[in-house]
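We count residues from 1, following the sequence as given.
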Amino acid sequence: MLHLQNCILLVLLFAAPMSAHIHHPKPGMAEPVDYLNPDGDTYIRPDTVVYMIVLFTTGALLFLLVYFIITLSDLECDYLNAQQCCYRLNLWVLPKLCAHILAALVLLVSGHFWLAAMNVPTAVIWAREYWKIPTGNFGVFDPTEIHRMGKLKRHMRDVFVGVMFYLVAFFIYLYCFLTHLVSYNPLPKPPYEDDVGL
């Protein structure tokens with residue numbers, strides 16, 4: 001432990017003079033230009049935070065639905081029994097619905113009405129699926145009924161549709177996020193006063 005503390009102390013001792021040299025140019029040298037922030041604004045705009053939240057939730061939901069696919073395919077191949085599979089999936093049904101509604105509400109409150117409206121059908125379908133659980137069932141995924149009347153295939157189809165929706169939504173949000181960043185932080189144009197042309 002003492003050896004680790006000595007190494008950290010040496011790194012800090014050598015890094016401090018180097019960082020001072022980097023951030024404070026010598027006299028006569030030009031000040032470095034921050035091309036990503038030419039106006040000197042240091043705050044983060046609200047839309048940037050909105051897109052970051054929505055991208056993070058969409059990515060997390062995408063990974064969660066991939067977990068659903070893996071678990072359902074394990075049940076289909078008899079690597080899991082129905083009770084284990086349904087327990088694992090029912091644990092994540094309510095967090096999935098809450099995360100989706102959170103992303104839609106964040107978009108709605110921030111004024112991105114078209115993007116929020118894009119999330120409404122999926123939220124309604126998942127909320128209806130959650131609230132319409134028959135009495136006596138363990139949850140959306142019930143071990144006594146998952147192998148009957150093609151319910152396993154229907155669950156797999158619904159999860160694949162969800163993955164496709166979140167994949168498209170993720171790239172739409174990413175496009176909106178990047179256009180937002182570029183529109184608020186354009187690269188400055190170089191001065192053309194000393195350009196004499198050909």
Side-chain angles (χ1 to χ4, degrees), residues 44-134 137-185:
I44 297 176
R45 292 183 171 80
D47 276 353
T48 305
V49 175
V50 165
Y51 286 127
M52 288 170 64
I53 290 171
V54 171
L55 277 170
F56 177 75
T57 20
T58 306
L61 286 169
L62 195 58
F63 280 112
L64 182 64
L65 288 180
V66 168
Y67 171 73
F68 274 41
I69 290 173
I70 292 170
T71 308
L72 286 171
S73 66
D74 282 351
L75 176 66
E76 195 174 29
C77 296
D78 287 333
Y79 294 133
L80 283 177
N81 62 28
Q83 191 171 3
Q84 286 176 330
C85 174
C86 293
Y87 174 75
R88 289 180 184 181
L89 296 179
N90 283 330
L91 219 89
W92 292 102
V93 168
L94 190 60
K96 175 181 75 165
L97 177 64
C98 291
H100 184 80
I101 290 174
L102 172 78
L105 286 177
V106 165
L107 287 168
L108 186 65
V109 168
S110 66
H112 301 286
F113 300 116
W114 289 109
L115 293 176
M118 181 180 76
N119 287 306
V120 169
T122 308
V124 167
I125 290 169
W126 283 355
R128 183 177 177 272
E129 182 181 63
Y130 181 73
W131 293 112
K132 294 284 185 176
I133 297 172
N137 282 12
F138 290 109
V140 173
F141 302 94
D142 188 52
T144 58
E145 294 184 358
I146 198 159
H147 287 296
R148 290 183 5 191
M149 298 186 308
K151 283 201 172 186
L152 181 60
K153 294 289 183 191
R154 196 189 76 206
H155 286 309
M156 285 288 274
R157 183 202 63 205
D158 292 347
V159 171
F160 273 115
V161 168
V163 166
M164 289 300 125
F165 169 76
Y166 280 117
L167 204 57
V168 169
F170 183 81
F171 284 109
I172 289 172
Y173 299 147
L174 187 63
Y175 173 76
C176 293
F177 180 55
L178 292 176
T179 55
H180 163 73
L181 287 179
V182 168
S183 68
Y184 278 108
N185 290 324

Please report the interatomic distance [atom1]([X]) to [atom2]([Y]), rounded to the nearest 0.5 Å.
{"X": "I53", "Y": "L105", "atom1": "CD1", "atom2": "CG", "answer": "12.0 Å"}
{"X": "L75", "Y": "Q84", "atom1": "CG", "atom2": "CD", "answer": "10.0 Å"}
{"X": "L65", "Y": "F160", "atom1": "CG", "atom2": "CZ", "answer": "10.5 Å"}
{"X": "C86", "Y": "N81", "atom1": "SG", "atom2": "CG", "answer": "9.0 Å"}
{"X": "H147", "Y": "D142", "atom1": "NE2", "atom2": "CG", "answer": "11.0 Å"}
{"X": "L89", "Y": "T71", "atom1": "CG", "atom2": "OG1", "answer": "5.0 Å"}

Aromatic centroids of H112 and Y173 separated by under 6.0 Å =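 They do not qualify: ring centres at least 6.0 Å apart.
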
Could you check T179, L174, L115 and say which one makes a side chain to side chain contact (heavy atoms under 4.5 Å, CB included) with Y51?
->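 Only one of T179, L174, L115 forms a side chain to side chain contact (heavy atoms under 4.5 Å, CB included) with Y51, namely L115.
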
Give me the one residue out of T57, L61, L55 that meets side chain to side chain contact (heavy atoms under 4.5 Å, CB included) with F170.
->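 The passing option is L55.
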
Report the C-alpha distance between M118 and L107 in whole Å, list the side-chain angles of each, state the deciding distance to 0.1 Å, and finish with yes or no for side chain to side chain contact (heavy atoms under 4.5 Å, CB included).
-> CA-CA 10 Å; M118 181 180 76; L107 287 168; over 6 Å; no

Show your reasoning for whether side chain to side chain contact (heavy atoms under 4.5 Å, CB included) applies to I146 and L72.
-> CA-CA 10 Å; I146 198 159; L72 286 171; 4.3 Å; yes

Non-hydrogen atoms of A116 and A104 that approach each other most closely =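 In terms of heavy atoms, the two residues are closest at CB-O, 3.7 Å.
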
Whether over 12 other heavy atoms sit under 6.0 Å from F177 CZ |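 Yes, CZ of F177 has more than 12 neighbouring heavy atoms, counting only those of other groups under 6.0 Å.
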
Is the number of heavy atoms from other residues, nucleotides or ligands within 6.0 Å of OH (Y67) greater than 12?
->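 Atom OH in Y67 is crowded, with more than 12 foreign heavy atoms closer than 6.0 Å.
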
Between N119 (side chain) and I101 (backbone), is there a donor-acceptor pair under 3.5 Å?
->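 It does not hold such a pair.
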
According to the interplanar angle, ranging from 0 to 90°, do the rings of H155 and F141 count as parallel (below 30°), tilted (30 to 60°) or perpendicular (above 60°)?
->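 Tilted: the ring planes of H155 and F141 meet at 30° to 60°.
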
Parallel, tilted or perpendicular for Y166 and W126, by the 30°/60° rule?
->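 Answer is tilted, since the angle falls between 30° and 60°.
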
Among all residues two or more places apart in sequence or in another chain, which pass the side chain to side chain donor-acceptor pair (under 3.5 Å) test with T48?
->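 If we apply the side chain to side chain donor-acceptor pair (under 3.5 Å) test to T48, skipping adjacent residues, the hits are H180.
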
